[in-house]
Protein chains: 2
Amino acid sequence: MTTEKKGKIMGGGNKFQEPVKTSRRRQVRKEKEEDEVNESFKSPNLEAERRRREKLHGRLMALRSHVPIVTNMTKASIVEDAITYIGELQKIVQNLTEKLHEMEETPLEIYEQQTVHTIKPEVEAIDLKVEMKKMGIEENVQFCKIGKRKFWLKITTEKRPGIFTKFMEVMCLLGFEIIDITLATSNGAIIICSSVQILQGLCDGDSVDPEQTKDFLLEVMRSNP
Amino acid sequence: MTTEKKGKIMGGGNKFQEPVKTSRRRQVRKEKEEDEVNESFKSPNLEAERRRREKLHGRLMALRSHVPIVTNMTKASIVEDAITYIGELQKIVQNLTEKLHEMEETPLEIYEQQTVHTIKPEVEAIDLKVEMKKMGIEENVQFCKIGKRKFWLKITTEKRPGIFTKFMEVMCLLGFEIIDITLATSNGAIIICSSVQILQGLCDGDSVDPEQTKDFLLEVMRSNP
DNA sequence: GGTTACACGTGATTC
DNA sequence: TGAATCACGTGTAAC
């Protein structure tokens, strides 16, 4: 007797009614309290519980729609896939951030040469500024790789007529395309900072030897026109 | 009678027993079938259902642990927060990818100066022009006098091979000496800002008609190389 | 027939 | 009180 009661009244799917929505899972929903047992005991939170279930179901479906790979349709699998996907996204974000960070602010290889040999490059840069102000001009060329095909260079030398034109000719000769450039003259000195890129179709960035290029630049800048 | 039966046998939380684990939510679990009603009908899937519930619960908790911001502890909220977090992560990834891509490889800018001919220059030039106009960049030349022998100029135009070299040639032809210059390229456009000075010995600044010079510059910049 | 997964209705509990 | 959430045990489909 009790079993019958239980089977009739308590939880458990009833007849399926709505058509299959997404997958092969059944869609169970009672029509209305029209089952044979009419002693319907109105639970106070029956409707609320239904809405809660629907809400959670909807959220899970939304979550599923936001995750590209779904191994299974089950609730646990949906959540599990979401977890792994979040992990992948976090990893991707981390990698991209690292890559971007190291690309835009830490040039890996810096080749620098100065006519007067000093020891520490950082100090050199500071000394250079001082030197410039004092009109004691030190020729200086820096050349470093900042991207696959991109390079960054800085040239400090004395200002001579046509030196910028010569610089442009050299860039043209080497097959470099000017991305951006800054030139300033002061007290008989000239400083050129520029990002350049190897022309497409010529070669890739690996075929450029930064040290050799730097030496060549220095030599050309030194030579009188 | 039926109500009593239902209340006793069917679903519903029992006495709470284990201590509160994570939050203020109650932890309900029956000790063993020691309730007054001993007519326990071993449902074949009772234990399985319990494991399933535990599994889903664990997954949800894991999901919650992977999401930094949690507005609420409820299941629906956990899933909802996960969805918004995934959206944010996807947006971040997209932004970072765009930034990285445009930083290390600019596919549109190709030739400059006297290039080796590889692909169709006309098509590329048109593309750049379109790109430039899409960004709302218009061809423009400004030229004004800022000193006795000094002038300031700004040129905005489409990026074409050799345009910077041509600019330098024109400056040389006009007898201008570069004081400082800034060049930047973006989206098929090129912008040049420069302070120039009339070469000493040539003439004074009054002999330069800014309007005429500007028109000449505009014309030269427009002409194909 | 055994296993898995789901929705269901309910009591308990917290706010 | 009342609304909201949860765990529970079960019936029932699908594999």
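Order of the sequence lines sets the chain letters (A, B, ...), proteins ahead of strands, with each chain counted from 1.
Of the two residues near DNA chain C, Pro44(B) and Ala76(A), the one whose nearest nucleotide lies more 5' is Pro44(B). Nearer to the 5' terminus of DNA chain D, by closest-nucleotide assignment, is the contact made by Ala48(A) (compared with the other of Ala48(A) and Arg52(B)).
The distance from atom NZ of Lys55(B) to atom NE2 of His57(B), rounded to the nearest 0.5 Å, is 15.0 Å. Taking NE2 of His66(B) as the reference point, atom CG of Asp81(B) lies at 15.0 Å (rounded to 0.5 Å).
The nearest whole Å value for the distance from the CG atom in Leu56(B) to the C1' atom in dA5(C) is 11 Å. When the C1' atom of dA7(C) is taken as reference, atom NZ of Lys75(B) falls 13 Å away, rounded to whole Å. Straight-line distance from the NE2 atom of His57(B) to the P atom of dC6(C): 17 Å, rounded to whole Å. The CZ atom of Arg50(B) sits 18 Å away from the C1' atom of dC6(C) (whole-angstrom rounding). The distance from atom CZ of Arg51(B) to atom C1' of dT4(C) is 10 Å, rounded to the nearest whole Å. For the pair Glu80(B) CD and dT5(D) P, the computed distance is 11 Å after rounding to whole Å. For Glu54(A) and dC6(C), the CD to C1' distance is 14 Å, given to the nearest whole Å.
The Arg53(A) side chain lies nearest to dC8(C) when the options are dA7(D), dA4(D), dC8(C). With dA4(D), dG9(C), dT10(D) as the choices, the nucleotide that has an atom nearest any side-chain atom of Leu46(B) turns out to be dT10(D). For Thr74(A), taking side-chain heavy atoms from C-beta onward, the closest of the listed nucleotides dA5(C), dA7(D), dC6(D) is dA5(C).
No hydrogens or angles were tested; on distance alone, a donor-acceptor pair under 3.5 Å links the side chain of Glu49(A) to the base of dC6(D). Side-chain atoms of Asn45(B) come within donor-acceptor range of the base of dG11(D), with a qualifying N/O pair under 3.5 Å.
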Worksheet item: Run the salt bridge (charged side-chain N to carboxylate O under 4.0 Å, His left out) check on Arg52(B) and Glu49(B) step by step: do they pass?
Response: CA-CA 5 Å; Arg52(B) 172 184 165 271; Glu49(B) 178 64 16; 2.8 Å; yes

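Between Lys55(B) and dT4(C) there is no side-chain polar atom (N or O) within less than 4.0 angstrom of OP1 or OP2.
By the side chain to side chain donor-acceptor pair (under 3.5 Å) test, Lys214(B) is found to be paired with Glu211(B), residues two or more places apart in sequence or in another chain being considered. Scored by the side chain to side chain donor-acceptor pair (under 3.5 Å) test, Thr84(A) finds no partners at all (sequence neighbours excluded).
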